[in-house]
Number of protein chains: 2
Amino acid sequence: MTKEQDIARGSLSCAKCPLRKREIFRVFEADELSFVEHFKKGDLAVRRGATLLVEGAHNPHLYTVRSGWGFRYKLLEDGRRQIVNYVMPGDLVGLQGSLMGEMQHSVEALSPMQLCVFEKAELFTLYERFPGLAYDITWLASREECMLDEHLLTVGRRTAVEKVAYLLAFVLDRAKESGLSSNGTLELTQQHVADTLGISLVHTNKTIARLVDRKYVKWEDGGCRILNPEGLGELAGWMSGSSAKRPFL
Amino acid sequence: MTKEQDIARGSLSCAKCPLRKREIFRVFEADELSFVEHFKKGDLAVRRGATLLVEGAHNPHLYTVRSGWGFRYKLLEDGRRQIVNYVMPGDLVGLQGSLMGEMQHSVEALSPMQLCVFEKAELFTLYERFPGLAYDITWLASREECMLDEHLLTVGRRTAVEKVAYLLAFVLDRAKESGLSSNGTLELTQQHVADTLGISLVHTNKTIARLVDRKYVKWEDGGCRILNPEGLGELAGWMSGSSAKRPFL
DNA sequence: CGAGTGATTGAGGATGCTCAAACCACGTGG
DNA sequence: CCACGTGGTTTGAGCATCCTCAATCACTCG
């Protein structure tokens with residue numbers, strides 16, 4: 001877990017961060033930018049499969065995803081796993097741990113990831129000096145809450161087909177928004193799908209097969225290609241949320 | 001929905017708020033208190049069964065629960081309902097709507113409730129002038145996220161018995177913490193339990209029956225009595241979270 | 001080539017669902 | 001007082017969904 005991680009002093013200026021150019025993110029003031037630049041303590045690169053954060057650990061850092069993606073999950077003692085959400089570029093990772101002591105979940109990379117590292121001890125300074133940024137952070141936490149609500153609805157009340165349809169539509173939507181998947185392709189295994197939706201691997205496979213038959217998706221080696229995102233959304237009774245400007249960092 | 005609600009100008013001073021006396025809540029500074037007092041726009045009283053907030057609506061207000069309890073839920077088009085979490089004294093209600101436009105969930109009262117009403121338009125002023133309070137709000141949002149993660153784990157991966165055990169232990173824990181249930185009694189129907197855990201009413205009933213047999217709980221008219229909270233926690237593989245001081249308002 | 005990862009398939013059984021009916025405590029109005 | 005409706009709980013029956021176990025297959029990598 002340590003060997004896969006690699007912290008280096010930030011070499012990239014926040015002002016020139018390519019993420020900031022994406023129209024989905026709100027524009028920062030000059031003073032905000034320079035503060036964030038100061039707030040940032042370094043870069044972290046992890047490879048696919050690496051565990052970024054571990055449930056139960058105390059971690060002095062807070063991260064923003066710059067590229068790549070991963071997932072947050074929790075485990076039961078006997079190994080049952082529940083994926084709780086996915087993290088993508090622009091997302092803040094580790095806020096819970098910052099505010100409440102030890103981490104209540106782990107996060108693992110689904111692809112190589114690059115993250116910006118912040119010091120959680122300095123978070124309060126941010127609150128004191130930049131209420132706008134503080135507000136942004138609350139906004140992000142609120143958005144996460146919103147996604148979790150929807151996931152609960154899915155896992156609790158949608159049928160298996162609706163579940164898979166929802167998940168794929170949801171993940172693709174977010175991936176596109178954050179600039180991850182331009183071609184409608186998602187690199188995740190059926191085991192991930194199963195662990196997100198609370199169904200078994202076998203049943204997940206058979207459910208996906210039905211969607212493949214109906215030409216909603218195509219499963220390729222180590223990932224899937226979404227052929228009809230709107231159709232999936234309809235099937236699940238879900239609509240992509242507001243794609244208003246959102247803050248990050 | 002309007003007739004059940006009753007807004008009155010705040011008559012109760014925040015400094016004398018009985019909630020503040022409970023040792024679970026952090027102590028406020030004098031200036032924080034006076035700001036909150038000014039921030040507070042009135043009181044809201046709703047009766048049992050009333051819908052406080054409606055999914056899809058825009059609401060200019062933000063609330064803190066002063067007494068009583070309720071639940072947040074989402075609906076699918078065909079009426080399937082998922083209860084997403086419970087709200088209890090000290091909880092902030094409606095923050096999502098404040099930050100992200102329209103409400104993504106509804107909330108209904110499980111008992112008569114009293115709430116403090118705030119203007120969401122003034123939230124940013126709070127962020128500018130009281131970073132400590134702003135931090136508190138983020139803290140609350142983060143805590144909510146934490147609970148939702150655990151719920152997802154429950155609904156997705158725990159068995160029916162574990163689910164019921166978890167839910168009862170969890171709700172009782174929170175209720176005690178916030179001063180709701182001193183006698184180990186919870187007034188909720190099996191339908192609520194079912195809709196929280198993503199299982200059918202009939203199956204919920206049969207699962208509860210097993211817990212009753214084993215003397216973990218007793219179901220009384222319109223509610224249940226928890227006989228062995230620790231046992232329930234063990235059964236579910238769940239431990240009550242940190243009961244550190246927490247902020248409110 | 002052998003090992004490992006992920007997808008796929010079939011079989012049989014447990015879990016959980018729907019439907020339907022009954023029951024009980026309660027409050028209402030004749 | 002009793003008949004009735006209501007909301008919540010309880011039960012049984014039969015069936016659909018979903019699970020586990022087990023085996024196979026395709027593909028990559030050392």
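In what follows, chains are A, B, ... by sequence order, proteins preceding strands, each numbered from 1.
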Atom pair CG (A:L172) and CG (A:L180), whose distance is rounded to the nearest 0.5 Å
10.5 Å
Output the distance between atom CG (B:L197) and atom CD1 (B:I83), rounded to the nearest 0.5 Å.
9.0 Å
Judged by modelled atom types alone, do B:T189 and B:H192 share a side-chain donor-acceptor pair under 3.5 Å?
yes
Take A:D91 and A:R72, measure what salt bridge (charged side-chain N to carboxylate O under 4.0 Å, His left out) needs, and give me the verdict at the end.
CA-CA 12 Å; A:D91 289 354; A:R72 301 199 296 118; over 6 Å; no
Heavy-atom protein contacts under 4.0 Å, nucleotides 7-20 of chain C, coded B base, S sugar-phosphate only, - none
SBBBB----SSBB-
Tell me whether the guanidinium CZ or amine NZ of B:R174 lies under 6.0 angstrom from the six-membered ring centre of B:Y86 and within 45° of its axis.
no
In whole Å, what is the span from the CG atom of B:D221 to the C1' atom of D:dT10?
15 Å
